[in-house]
Student: 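Handing you this structure, nothing more for now.
Naming: A, B, ... by sequence-line order, numbering from 1 per chain. Only a predicted model underlies this, so the values are computations on that prediction, with no experimental measurement involved. Scope of the values below: all heavy atoms of this structure, side chains included, with no hydrogens, waters or symmetry mates.
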Protein chains: 4
Amino acid sequence: MTATPARRRDATRTRALLLQTARRRFARDGYSSTTLRDIADEAGVNVALIARYFESKEGLFEACLTAAVDEIKRETGDAQLSEVHLIIADQAARIGEGGPPSQLMLLLRSSGDERADEIRRGVLRNSAERLAAAAGHHPGDDDTLLRAQVVLAASLGIVLLRSVGAMEPLQTADRDTLAGPLRDLVAALLPARDEPKRSRGSDGP
Amino acid sequence: MTATPARRRDATRTRALLLQTARRRFARDGYSSTTLRDIADEAGVNVALIARYFESKEGLFEACLTAAVDEIKRETGDAQLSEVHLIIADQAARIGEGGPPSQLMLLLRSSGDERADEIRRGVLRNSAERLAAAAGHHPGDDDTLLRAQVVLAASLGIVLLRSVGAMEPLQTADRDTLAGPLRDLVAALLPARDEPKRSRGSDGP
Amino acid sequence: MTATPARRRDATRTRALLLQTARRRFARDGYSSTTLRDIADEAGVNVALIARYFESKEGLFEACLTAAVDEIKRETGDAQLSEVHLIIADQAARIGEGGPPSQLMLLLRSSGDERADEIRRGVLRNSAERLAAAAGHHPGDDDTLLRAQVVLAASLGIVLLRSVGAMEPLQTADRDTLAGPLRDLVAALLPARDEPKRSRGSDGP
Amino acid sequence: MTATPARRRDATRTRALLLQTARRRFARDGYSSTTLRDIADEAGVNVALIARYFESKEGLFEACLTAAVDEIKRETGDAQLSEVHLIIADQAARIGEGGPPSQLMLLLRSSGDERADEIRRGVLRNSAERLAAAAGHHPGDDDTLLRAQVVLAASLGIVLLRSVGAMEPLQTADRDTLAGPLRDLVAALLPARDEPKRSRGSDGP
DNA sequence: TATGAATGAGAATTCATTCAT
DNA sequence: GATGAATGAATTCTCATTCAT
């Protein structure tokens, strides 16, 4: 990160460029529909560099997944239950015509690579658990965990539908419009901790 | 012309066999990850027969989609709002270790074929609309439609997560266990018609 | 050839139908570009019948060639030198938009089948020899034979160019228009027997 | 960067090698009878390189055609009418047992690719026109143009017959032997400009 | 570090042919 | 005699990967 202008042959930079491009393409088109040449061309570098930096197509995918996971964790790290619906709305709202596809999509894309798949599953499990924890989940309370997983499923479903396209008004709803139904959804499934579990609806201040 | 013991050379049967196999593979592995040879081998027939009966890979996919759509329509034709959560639970509960992947998955798989994609989108749109209608949707009421789409998204998300695997207790929850959270979810998003529409929760002071 | 109207399942008739269709397609599109299914479909019969009647694709081609050869021999059997140019003009003039492609084309199409190729070569050789004989060729007179072969080559070339298409006025010239240049050509190369060899030009009666 | 002993990995060289091989095979066997694997194997390189350098089989054929056209134009660029028969004899004489088939053959080979076919037709038309021009053709003079086309047809026919093989003495005639009949042929069809046009036939002692 | 050349495996698709009815 | 089902062997083309510079 020195002040070297007009740099070429910058390994870390090239690597990052490839990674970024790959994340977008994998998320948008899926693993097997994306070719390494597509990625390299879009990144403006030579295909062989992918092998250099990521070993193989699967290696690249794994790196994309790890990066996406880190990003998701960073963004949702200290989420409170009361803002979960906003976070979801946020993620979903990002997906639009021109914008980059949500990295959540990566979590739904299988590469056939067992290692990458295990990472994916781990992240999904972990996300649901954190969600459940925020809702006061304690070991053995399978119902809360299940409900958290349903919330996660709904989030992924919305992201998915938006990426599929052509379903109005969901397709173009903005963050605030999405937040309403999502708040109801979260409230119904994961009532705030200190309240009696069946009293959905009053998610208070 | 005997009582069909050990028949071979049965066109409709072979066609159906191919279609069934293809539906499972496409739903499970996605369009581009599935090879025609895979399908033919699994069906125990020669690859060239796929061309004979379905013209091309895209033709086969389109046939799968149409078949899935018909099946879905048949199964959910006259659904009442009060049983929507049961239908969803039903669909989701079908997906287990050995069982066939839900045909709903097909609706989320893109083939790149524009014609098939349009069918997919049409079915998705239509499903959401029927759901909204059951909830008393009337033209111009975008909020109810949006909420119906969120319910659909949640259903698809659950199916998706179950097909991804390894997320307990969602993975192995049975129909009745799933029905609970789903009832709450549907109730929260699509209140029964005869209730005042705005009485969901107390959304803010 | 009895007076049996409304016949189906007529072996010789089916065979003839296939042969006729095959001759047209092979002449028009060449051996390897023509598929048996094309031929069978155009003839309105089942593909398997080709195997029944002609053994194989090569067998069918050979049959076409033989038939074409017979036809050519019949039409040009007793040609006089003075009418050679008319015969050529005739053959060439047949090739037009809608009409059937000249069977001469078959003589230029290789099938890769050694036996068929030998037939082709034989016919070509023989044609040139008959032409030379009409011009008074005697054993050892290689020059006359060569000239006859050049005349044959020119004929084939014209047929070929017409079948290629899009070269006016050659493409649409009628028999009489073609006859002029062809008479000069034949006269120049194969002077009538009783005249001194170098005195081309007076092809009068 | 030594003095090019035993070089490999030379793109232009590989491309040229493929092109040369393809020209020979296409000219000899025709478009559909020639497989890309044949060409690649004969050239000693991998099949995939054809796609790399020429996009597709049709692309390769088009490149062959263009190359052949260029070569023909270069060799016949400034032909005088009086030497036309020598040029034809030259072309024809090249075709022998071991030698490469004349590139003229390519002009008669259809690929089914409309673009390539248009090139072919264009070249043929143009050749005839140049020939006619050398003979003093002026707009509207269809007769001279037709005669030039017949000369072209004869040339192609000779080339064709030689490539078919097995027709003596045409098959092995050398340039000078061919020149005689060809001179007569050209003279008969395209009398020299400064002579009265209708005086064909008696070209004096 | 980066590039372009070259490869081999595997994809869909086409087609002549054989089998069963 | 005729048909349709089924097969296996190509063929073109795509793509991840490796090699040489």
Side-chain angles (χ1 to χ4, degrees), chain A residues 7-15 32-40 44-53 55-60, chain B residues 1 7-15 32-40 44-60, chain C residues 7-15 32-40 44-53 55-60, chain D residues 1 7-15 32-40 44-60:
Chain A
R7 56 183 159 187
R8 277 176 37 186
R9 311 229 153 190
D10 181 335
T12 55
R13 191 178 135 78
T14 304
R15 205 194 115 103
S32 30
S33 298
T34 305
T35 78
L36 293 187
R37 215 149 226 125
D38 284 346
I39 297 173
V45 302
N46 189 277
V47 211
L49 286 187
I50 293 180
R52 194 194 227 328
Y53 291 126
E55 284 288 310
S56 66
K57 191 183 186 183
E58 289 189 343
L60 175 59
Chain B
M1 285 281 180
R7 58 182 157 184
R8 280 172 36 176
R9 306 247 155 186
D10 181 337
T12 54
R13 191 179 137 78
T14 304
R15 206 196 114 104
S32 30
S33 297
T34 304
T35 77
L36 294 187
R37 206 160 292 265
D38 284 346
I39 296 173
V45 302
N46 189 280
V47 209
L49 283 187
I50 294 181
R52 183 174 177 63
Y53 292 125
F54 303 97
E55 288 284 310
S56 65
K57 189 181 185 183
E58 287 189 344
L60 175 57
Chain C
R7 57 184 156 183
R8 276 177 38 184
R9 311 227 154 191
D10 181 335
T12 56
R13 190 178 135 78
T14 303
R15 205 193 114 102
S32 30
S33 298
T34 305
T35 79
L36 293 187
R37 215 148 226 127
D38 285 345
I39 296 172
V45 303
N46 189 277
V47 209
L49 286 187
I50 293 180
R52 194 192 225 329
Y53 292 125
E55 284 288 310
S56 66
K57 191 182 185 184
E58 288 188 343
L60 176 58
Chain D
M1 287 282 180
R7 58 181 157 185
R8 281 172 35 179
R9 307 243 155 189
D10 182 336
T12 54
R13 192 179 137 78
T14 304
R15 206 194 115 104
S32 30
S33 298
T34 305
T35 79
L36 294 186
R37 205 160 294 264
D38 285 347
I39 296 173
V45 301
N46 189 281
V47 209
L49 283 187
I50 293 180
R52 184 176 177 61
Y53 292 124
F54 304 96
E55 288 285 312
S56 65
K57 190 181 185 183
E58 288 189 344
L60 175 58

Student: According to side chain to side chain donor-acceptor pair (under 3.5 Å), who are the partners of Ser33(A), at least two apart in sequence or on a separate chain?
Tutor: Ser32(B)

Student: Just jot down the side-chain contact (heavy atoms from CB on, under 4.5 Å) partners of Asp38(B), sequence neighbours excluded, or say none.
Tutor: Arg25(B), Thr35(B)

Student: Please determine whether a side-chain nitrogen or oxygen atom of Thr14(A) lies at a distance below 4.0 Å from atom OP1 or OP2 of dT1(E).
Tutor: no

Student: Which heavy atom of Ile50(D) sits nearest to which heavy atom of Leu36(D), and what is that distance?
Tutor: CD1-O, 3.7 Å

Student: Between Leu49(B) and Gly44(C), just flag the one whose closest nucleotide in DNA chain F comes earlier from the 5' side.
Tutor: Gly44(C)

Student: Quick one: list whatever passes side-chain contact (heavy atoms from CB on, under 4.5 Å) with Val45(A), sequence neighbours left out.
Tutor: Thr14(A), Leu18(A), Ala43(A), Leu49(A)

Student: Can you name the residues that form a side-chain contact (heavy atoms from CB on, under 4.5 Å) with Ser56(D), not counting sequence neighbours?
Tutor: Glu58(D)

Student: Quick one: side-chain contact (heavy atoms from CB on, under 4.5 Å) partners of Ala51(D), sequence neighbours excluded?
Tutor: none

Student: Just how far, in rounded Å, is P of dA12(E) from CZ of Phe54(B)?
Tutor: 15 Å

Student: Determine which bases of DNA chain F form Watson-Crick or G-U wobble pairs with both distances under 3.5 Å, and write the result as a 5' to 3' dot-bracket string with | for other-strand partners.
Tutor: .||||||||||||||||||||

Student: Calculate the interatomic distance between Asp10(D) atom CG and dA6(E) atom P; express it in whole Å.
Tutor: 7 Å

Student: When you match Asp38(B) and Thr12(D) each to their closest nucleotide on DNA chain E, which lands nearer the 5' end?
Tutor: Thr12(D)

Student: Starting at CZ of Arg52(B) and ending at P of dG4(F), how long is that distance when rounded to a whole Å?
Tutor: 9 Å

Student: Between the side chain of Lys57(A) and the main-chain N/O of Thr34(A), is any donor-acceptor distance below 3.5 Å?
Tutor: yes

Student: Show each protein N/O and nucleotides 13-15 of chain E N/O combination with a separation under 3.5 Å, one pair to a line.
Tutor:
unit_1  : atom_1 : unit_2   : atom_2 : d
dT13(E) : OP2    : Lys57(B) : N      : 2.9

Student: Is there a side-chain polar atom (N or O) of Tyr53(B) under 4.0 Å from OP1 or OP2 of dA6(F)?
Tutor: yes

Student: For residues Arg15(D) and Tyr53(D), report the shortest heavy-atom separation together with the two atoms involved.
Tutor: NH1-O, 3.5 Å

Student: Nearest whole angstrom, please: distance from the C1' of dT7(E) to the CD1 of Ile50(D).
Tutor: 14 Å

Student: Got Val47(C) and Ile39(C) here, is their nearest side-chain heavy-atom distance under 4.5 Å?
Tutor: no

